[in-house]
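A short worksheet on the structure shown next.
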Amino acid sequence: MCGIVGYIGPRSCTSIIVEGLRKLEYRGYDSAGIAVVDVSPGAQAKGEQAKLHVVRAVGKLGKLDDVLREKPVPGTVGVGHTRWATHGRPTEANAHPHLVGDVAVVHNGILENHVELRRELLAKGRKFLSETDTEIAAHLIDIALQTESSLLVATQRALAQVRGAFAIVVVSRREPDVIIAARNFSPLVLGVGEGENFAASDVPALLAHTRDFIFLEDGDVAELRAEKITIMHAGQKVERPSKRVDWSPTQAEKQGYKHFMLKEIFEQPTAIENTLRGRVILETADIEEGEVGVTAALAKSTRRVILLACGTSHHAAIAGRNWIESIAKVPAQVELASEFRYRDAIVDEHDLIVAVSQSGETADTLAAVKDAKRRGAKILAVVNVVGSAIPRVADGAFYTHAGPEIGVASTKCFTAQLAALLMLAVYLGRRRGTLTEERSLSLLQHLCEIPSAMREVLEEAGTCQKVARRQLVATDARDCLFLGRGLSFPIALEGALKLKEISYVHAEGYAAGEMKHGPIALIDAQMPVIVVAPNDSHYEKIASNAQEVRAREGRIIAIVPKGDHTIAQIAQEVIHVPDVDPELTPFVTVVPLQLLSYYAADLKGTDVDQPRNLAKTVTVE
Ligand code: AGP
């Protein structure tokens, strides 16, 4: 969704803001803009008013950068924005910041009562230059400033009139030494520097300048000065201590890789080592208590686990559901958060809701969690981004520690979620006495070996590239089928989603047993069918499904364990994965699917890290 960066301090702000916005490019956008408060030396002493420069451009950030290079704007206080259109087309007039009177406003989110507010403002004679809901907020602040002395109070008064999700940052030439930042259900963090302060939609935008962050609560309105941050909540001043983030600036760089996605695929072994670190205790064949966000008492008393998530996180949650039932023997179900929140699901205080989300900000997951909490359920957040919204609502957090994920297509966060959910299953099983020490030890030992098994799969990257070229790009494949059973079913779903989102090839993930109930009609000599068939109890069944595909001349790309001959014999292409514990196969089978999608997209020349129409953090419904 939209990206915001604000700066106040002694330095010239345009390059800080544009570089920060560049780090947020992964959020997706269609236009960009900047507002800079320009105070000429000695102007205030002479009673001169500051200038407010607004520059906007449609398209990629480079376009804005070009305009700023040609015509630099001076100033040390400013705010920038990348827009992902919700209200109104991606035009310059709709791009943020929106300037009304002395005030410039950027906004991420949706003001739900924009229709009635616009009508009221039009009736008061206000003129609108854009189709956006944001311009309404700028008018409301401008009106409030006519009677309020400070930008902080005027913004509070204006925001009291709007409903919806928003992160808003405001600058004004009337108060050139202040930035106002407000958050309600849309992400916004404050970066704390020395003699300078920042606001941004996400941590990576500011890592080059600070590692100390304040995570605003919903309803907070902050006043940033170069030396001081004041935060108001419901009219009262509140303290929000800053937290140190251990992500390094280089983690948010490509480090020689062609794309962030490729880098993040290759980072998976390390990401999983970080997820496991300090949590797996082989000596006791257990998971460290206090590390998973669930107390022993809750682990014992829970009657049912409901996993809620969207997209890729939903696929991890399906594997999690299987593990929680097979390893911990707790009844478990998995639901798309976007559906769950709108149906009359039965939830009560005996349920443990596990919300799985890379960003921790996904609007549907957040809303579903809040609703379940109201109905008495306990909430566990399995999340990558520390301080994000979902863990703040939850009773406990299990951070995946995968490091920043910049590519829109999730890869390392997916496998880190798998590791976290597997550990959760072991933890629940050990607390409830449903998992023996012997089986737990074996699972955990094998889990600790997973990073090296994944490194082995990554050595097959060249094979994946050739297969992608031969079977997906050279043949100009338009449709693909991904088949899997058991734990390979969510992997088939994930493989299909990856291919769709970055290469724009239509793909379906199917439980292989369902193929004969419909999709088999699609199979012909043009159809690549990716068969995910690791060494587990489903192998023979899926080998039969592969035969059914071959009998209809489908082109099989087989993901099989080393030493497999049965499926390899009938497949056009074979990609081998190491033989791992049957419960752990998703960690190795997903990697070739990520690589196939990556290379297919790269060979086709699509925008791998920022696929069209997609956003990394989906903060609207
Ligand atoms: C993954 O490749 C997608 N970009 C998308 O499906 C994503 O997983 C989904 O939007 C959920 O995001 P979250 O994990 O941040 O909640």
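Atoms within a ligand are numbered from 1 in the order they appear, just like the ligands themselves. FYI, side chains are in, hydrogens and waters are out, and symmetry mates aren't considered; it's all heavy atoms of this structure.
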When you look at Glu273 and Arg455, which way does the salt bridge (charged side-chain N to carboxylate O under 4.0 Å, His left out) test go after all the steps?
CA-CA 12 Å; Glu273 280 160 0; Arg455 286 188 178 102; 3.1 Å; yes
Shortest non-hydrogen contact from Ser410 toward Glu405
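What the structure gives for the nearest pair is OG-OE1, 2.9 Å.
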Flag this pair as yes if the NZ/CZ of Arg612 is under 6.0 angstrom from the six-membered ring centre of Tyr504 and inside a 45 degree cone about the axis; otherwise no.
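Pair Arg612/Tyr504 counts as cation-pi.
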I want to know if ligand 1 touches [X] in the polar sense, i.e. an N/O pair below 3.5 angstrom.
X: Thr365; value: no
X: Val356; value: no
X: Ser410; value: yes

Measure the distance from [atom] to every protein heavy atom, then report the residue, atom name and distance (to 0.1 Å) of the closest one.
atom: atom 10 (O) of ligand 1; answer: Val618 CG2, 3.8 Å
atom: atom 15 (O) of ligand 1; answer: Ser359 OG, 2.6 Å
atom: atom 4 (N) of ligand 1; answer: Val408 O, 3.0 Å
atom: atom 11 (C) of ligand 1; answer: Cys310 O, 3.3 Å

Measure Glu501 to ligand 1 on non-hydrogen atoms and call it side chain, backbone, both or neither using the 4.0 Å cut-off.
side chain
Side chain, backbone, both or neither: Lys498 near ligand 1, heavy atoms under 4.0 Å
side chain
Using the salt bridge (charged side-chain N to carboxylate O under 4.0 Å, His left out) rule, take Asp351 and Lys378 through it: C-alpha gap first, then chi angles, then the decisive distance, then the call.
CA-CA 6 Å; Asp351 291 321; Lys378 288 277 177 281; over 6 Å; no
Do the rings of His259 and Tyr598 sit parallel, tilted or perpendicular, given the 30° and 60° boundaries?
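Perpendicular: the ring planes of His259 and Tyr598 meet at over 60°.
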Atoms of ligand 1 less than 4.0 Å from [X] heavy atoms?
X: Ala409; answer: 2 (O)
X: Thr312; answer: 1 (C), 2 (O), 6 (O), 8 (O)
X: Ser313; answer: 8 (O), 13 (P), 14 (O)

Please name the residue in the list Val588, Thr585, Leu584 that meets the side chain to side chain contact (heavy atoms under 4.5 Å, CB included) test with Pro534.
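Only one option passes, and that is Thr585.
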Taking atom types as modelled, is there a side-chain donor on Thr415 or Gln268 under 3.5 Å from an acceptor on the other?
yes
Looking only at side-chain N and O atoms, does Lys498 offer a donor or acceptor that is under 3.5 Å from a partner on Thr312?
yes
Given Leu308, Thr362, Val385, which has its nearest heavy atom closest to atom 13 (P) of ligand 1?
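Shortest heavy-atom distance from atom 13 (P) of ligand 1: Thr362.
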Going from CG on Leu428 to CH2 on Trp323, what distance comes out if it is rounded to the nearest 0.5 angstrom?
13.5 Å
